[in-house]
Amino acid sequence: MMGNKKTGQWTRRRLLHTIPAALAPVLISGGLRAAGKTAAPFSRFADVAHAAGLTATMVYGEPDSFTYIFESMASGCAFIDYDNDGWMDIFILCGRRLKDTPPNASNRLYKNNRDGTFSDVTAIAGLLDTGWAQGVCVGDYNNDGFEDLFLTYYGQNRLYRNNGDGTFTNVTAKAGLLYPATRYSTGCAFVDYNRDGLLDLFVSNYLEIDVATAPKPSLAVPNCNFQGVPTLCGPLGLPKAQNYLYRNNGDGTFADVSRESGVSGFRGSYGLTVVSIDADEDGWPDIFVVCDSTPSLLLMNNRDGTFREEALFRGVALSGDGRQMGGMGAAAGDYNLDGHTDLLKTHYYNQATGLYRNDGKGYFDDVTIRAGLNGETRFLCFGAGFADFDNDGYPDILLSTGTVYPEVDRVLPAFPARTPRILFRNQGDGTFVELGPEAGAGISARHCSRGAAFGDFDNDGDIDVLIMNVNEPPTLLRNDAPPGNHWIKIRLEGTKSNRSAIGARVLVRYSGKVQAQELLSQSSFLSSNDPRLHFGLGAATTVDVEIHWPSGLVETMKSVAANQLLTLKEGSGQVQGRAFR
Amino acid sequence: MAEFSAADRYRRTLTSDGLDPGMQLIGNVAIPCDPWLHGSQLLNYPRDLEIMRLIGSESSIYRISVVPVRTWTGLVLVLCVGAASLGASLSAAAETCSGPRELEARLHSAPTSDAYELSGNWFLENKEANCAVEAFQSALKIDPASKKALDGLAKGLIAAGDYGTVIRRLRSVPLDENLTLDLAIAYRMADMFDEAQKVLTEGLKTYPNSDGLTGALVSLDIHVAHSEAAQALAEKQARQKPRDIEAQRIYLRTLIINGDNQVAAPLGRKLLALAPHDPDFLYLNGILERGAGDFAAARKHLEESVALNPNFYNSHFNLGVVLEQLQDAAGAREQFKKAIELGANEPEVRFELAKVLRTLGETEEAQEQLKLYQQRLKEESDKSLAILKSTQAEEAVKAGDNRKAADLFREASAALPGNPALANRLAVVLGELGDTAGERTALQQAIEADPEFAPAQYQLGYLETREGDNAAAEQQFRLALKAAPNYIQAWVALAATLGMESRFQEAQDAVANALKIEPDNKAALELSQKLADAQGQH
């Protein structure tokens, strides 16, 4: 029944899967051929959100203008398999209006119906909520086998425990995560910083703002206008906020260890998205905080419960020529297949998205210009992901974009209220080429977007994209990858490590290449990706897999067949996994 | 009774000159000194700092004799602490104004308006602003209708930082193209951007082909972060004047500022082909090529630019970045050090230097540079906070909420405790609230921050007068005048104080100094008459 439904709905996809690769360029409507080395067909993207039932408008601030910065930053989204059925469900964060809250404004949980459609289960799941939600991170903090949710707010953050029965319980207070006054929290990451097998929690804070005293749009106030139009005031001049680290006590509660870990001392930047990777590959998770208008932070793990901040020293705080950037989001991935996790950081207008190549020791080199990303500076970019959309073995890049000044559009068309997605195809030589409408209407369609989550919602072996749109329903970009290439997905279950295996580093070797990926609880813009690590393999039909578990255990598997979801349990190797297809 | 009359007369003197209250703050004590920092604070979010580098060099492009900056009301001095001393040095020069022998001889034999104008122009060229002002004032005495002399006077006053006088002199006279530009510059320097924009827009209606006015308006638009408007205007001008290389240059710069490199790159190449030895075109092509990843071409053009214009630190900085990309860390280090030597104060120069030092294994010095970088960031952050708070404070003042304004000025002043202008504004607001003790403390704080901060000394003198301590008042007014010899209000206040002491001749001398600076100053004329009457009665 489900199969039939899918067959009926995915005619075009089926066609793409059945036609020989050589014929694809002829059959696919024009323009797919990219410049230079990438003449092979690429993925096409279609927005299937409406057909999939993702129809609720994600309210965030007034539709045509914002007064305060917290209205404009909006929020992230997540792929989460909350019911462990093997199909990615969707969670999207919502805001409110400044003066009121529209009746339908709420965060949304959509259950995957396994047929290309979703059902809104927000109320049933106990997740109806309104407020200035910002970021989401997903992880099984109590190791019960079900993914929990932590949400950041301008207001009070929430920890939702997954009850395992399709419902969630707000356990913020019980977990010791309530705080007395309003905070402007943004990024968050579950991270087992002390490697005790329990997911701890890092929370970044953007700035301090009090509506009673905050500056408003004005031509007179510097930083409160843009191109001669009064707009919300940017962060400069507003007090910076502290970041927090909470240690998981193992009994459902957390202890604030911000001070003793040194985290509270790294103030001085406007923190947004948090990405925790093992930058120097020493087996201990480090924390990268994307910062707006100020140097980004890289908190290096001292392996003793404390951190040191070394972003400047390690070359990832600023642009390659030393400029402070308006950082928004970040992706972690191995774009040049050298087995090390590189970082990609999205920025403000007129600032190219930054690509930072990791040398494997945690030192980064800004290769934005060399990689060919420098030419695209038209849009304010938020969400970001490295994903091998066409499964050719080289991770590509997709960015979501949007304005924070919708009112400027009326005066200056050069700064439109709605902007397209940005897609860069990896050319396999360390450079990228930008694709436009030739990659499908879903790429060129214009929205005011924020967070993007990357995952395979239809379990068809390619990476799709969920995007939060401001004051619109979300976008669900279905990827119709070209046929012929192979792939593998890896799902990890920690035993000694945290159950979600967050922080695991996986190396996959294929066709003489090696690609690294790390399991993250947040990236992109305040969002959380499908935890099943997806590797495009090109022509390779088998791979070698090497897993560096957060516990320190390293496991390898040789000659694993491609085109499957591989479920690996720490210490036990491959196990029977969840449903797939 | 007589004493009361004198005090009363004095008070009336202070309020009858028709000046905007804020004008006192923009007397000749303030000159811009750091366009970079102002520029970076304009932005809602940090943008490509290349923009700021471009702005930093615009004076050479638009042939404007002053470095344009944007400041915010009450913050004219924020980034120019210590600049007040310039007035004193100019004053010292004014005591001994002497031009070349032939000009002196000509003035001696035929002191005509033309001769004074020639002399004034010589002083302007030789950066002796006060002497230039004196010469042009003499020319205007002979020929009050001379637009050349008025233009020279305005330029001299702008060079001396006395924008208020320029505005007063020019805002009600018919303006030719040069005077329009002078007035616009004075408005801009005085942080009165709307007025500057209005003057330039009106001027362009009368002189639609004026490169100077167009350049100034484009520059102003960029300065206030209206870069799209700037580009539209520059593009229009460039299309109207396809053979005018300056118009094309302005357009090229706006394209680069707006990140429109696809249009900028071919235009840059075309202009460089037309003027292959123009250091500016070489520089602009270099940064375009750097952005496009063509580091070899960028290196070639930047090296050529540096060779032709070795004192432009932005070229050195960009060349350093390119050399770094080309793995020439030692060469990059040399260029960054040269940029710093030439006055580059931007944090990223320190950062880049630290980076190459680290590559070269000079870790200790690299750490030192990183510390300097972080220190500069902190300074910028403090300035941002101060600018935000002080601007909010000014809005509160406008809304009549002086109590809120005082709180905000306090916050601003706390962020930048070494800034005399903020403390002075706090003093003014506290004075309005009747908090004389607080006003006095704030004024003293301003003077502590800058012992030559004339507005605070002037205001402190006023407080002393109110307290009846004429001796202390006189001392403060004299200190203000030492710091700012063209401070008309201080001359008038000093004259009034001396008058109250019945030291009429000294008072008349002080008034005469005021009238020398501005012959038609109402307050000075009125006081002069009153002093004469009092002297007669006496």
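Just so it is clear, the values below take in all heavy atoms, side chains as well, and ignore hydrogens, waters and symmetry mates. We name chains A, B, ... by the order of the sequence lines, and we start the count at 1 in each one.
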For Leu236(A) and Glu380(B), run side-chain contact (heavy atoms from CB on, under 4.5 Å): C-alpha distance rounded to whole Å, both residues' side-chain angles, the deciding distance at 0.1 Å, then the answer. CA-CA 10 Å; Leu236(A) 290 180; Glu380(B) 286 198 352; over 6 Å; no
Under 3.5 Å donor-acceptor, His226(B) side chain and Gly228(A) backbone: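 Answer holds: yes.
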Please round to the nearest 0.5 Å and tell me the distance separating atom [atom1] of [X] and atom [atom2] of [Y].
| X | Y | atom1 | atom2 | value |
| --- | --- | --- | --- | --- |
| Gln324(A) | Glu348(B) | CD | CD | 8.0 Å |
| Asn223(A) | Thr391(B) | CG | OG1 | 9.5 Å |
| Lys389(B) | Leu238(A) | NZ | CG | 7.5 Å |
| Tyr349(A) | Ser227(B) | OH | OG | 12.0 Å |
| Leu318(A) | Phe351(B) | CG | CZ | 4.5 Å |
| Asn350(A) | Ile257(B) | CG | CD1 | 10.0 Å |

Side chain, backbone, both or neither of [X] within contact of chain B (heavy atoms, under 4.5 Å):
| X | answer |
| --- | --- |
| Leu412(A) | side chain |
| Ala214(A) | backbone |
| Phe313(A) | both |
| Pro239(A) | neither |
| Lys240(A) | side chain |
| Ser218(A) | side chain |

Surrounding CZ of Arg403(B) (heavy atoms of other residues, nucleotides or ligands, distance under 6.0 Å), is the total greater than 12?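 Atom CZ in Arg403(B) is not crowded, with 12 or fewer foreign heavy atoms closer than 6.0 Å.
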With a cut-off of 6.0 Å (strictly less than), are more than 12 heavy atoms of other residues, nucleotides or ligands near NZ of Lys337(B)?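 It does: Lys337(B) NZ has more than 12 such atoms within range.
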For [X], is it the side chain, the backbone, both or neither that has a heavy atom under 4.5 Å from a heavy atom of chain A?
| X | value |
| --- | --- |
| Lys355(B) | side chain |
| Glu228(B) | both |
| Gln367(B) | side chain |
| Ala292(B) | backbone |
| Leu408(B) | neither |

Give the minimum heavy-atom separation between [X] and [Y], together with the two atoms involved.
| X | Y | result |
| --- | --- | --- |
| Pro215(A) | Leu388(B) | CG-CD1, 3.6 Å |
| Gln327(B) | Arg370(A) | NE2-NH2, 4.2 Å |
| Leu377(B) | Pro295(A) | CD1-CG, 3.4 Å |

Run the numbers on Asp321(A) and Glu324(B) for side-chain contact (heavy atoms from CB on, under 4.5 Å), then give the verdict. CA-CA 9 Å; Asp321(A) 54 0; Glu324(B) 197 186 337; over 6 Å; no
Taking the side chain as every heavy atom from C-beta outward, state whether Glu394(B) and Val221(A) have any pair of such atoms under 4.5 Å apart. no
Max heavy-atom pair count under 4.5 Å with chain B, selected residue of Gly315(A), Gly320(A), Gly268(A), Ala414(A): Gly320(A)
